[in-house]
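Report on one structure; see the data block that follows.
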Amino acid sequence: MVGTPDANALPRLRQVLQLLEEVEVLAQDAASYVNSDAMAVALKELHQQQASITLAIERMENLPKPSPWASSWPWMVLVMVAVTVLGTVG
């Protein structure tokens with residue numbers, strides 16, 4: 001989901017980020033009881049995942065909005081109107 005942004009995935013990504021923030025609170029609490037290198041590495045990986053999700057959210061929010069002229073329907077309608085007008089006039 002992070003690698004290929006999908007416009008409908010934005011709410012899910014925000015939920016994932018919120019869950020990661022809750023995991024961070026729990027991990028920091030656990031790290032206060034256990035002072036080990038494994039916890040430090042786990043927190044570092046967690047921060048990297050949070051940064052990745054935040055980046056994906058920013059990228060999706062900055063996606064350009066597709067132009068209505070990018071699809072073929074407006075052009076087909078325009079051609080049909082032009083053919084109808086030319087058929088009526090000619």
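The basis for the numbers below is simple: all heavy atoms, side chains too, and nothing from hydrogens, waters or symmetry mates.
Hydrophobic cluster membership differs between Met39 and Val23, with clusters built from Ile, Leu, Val, Met, Phe, Trp and Tyr side chains linked at under 4.5 angstrom.
Heavy atoms from other residues, nucleotides or ligands lying under 6.0 Å from CG of Asp37 number 12 at most. Within 6.0 Å of CE on Met80 lie no more than 12 heavy atoms contributed by other residues, nucleotides or ligands.
One finds the CD atom of Gln18 at 11.5 Å from the CZ atom of Arg14 (value rounded to the nearest 0.5 Å). Within the model, atoms CG of Leu13 and CG of Leu20 stand 10.5 Å from one another, a figure rounded to the nearest 0.5 Å. One distance of note links CD of Gln15 with CZ of Arg12; it measures 9.5 Å at 0.5 Å rounding.
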side-chain contact (heavy atoms from CB on, under 4.5 Å) for Val25 and Glu21? Distances and angles first, verdict last.
CA-CA 6 Å; Val25 170; Glu21 289 170 357; 6.0 Å; no
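In plain terms, the two heavy atoms of Glu24 and Leu46 that are nearest each other are CA-CD2, 3.2 Å. The minimum heavy-atom distance linking Leu17 with Gln50 is given by the pair CD1-O, 3.9 Å.
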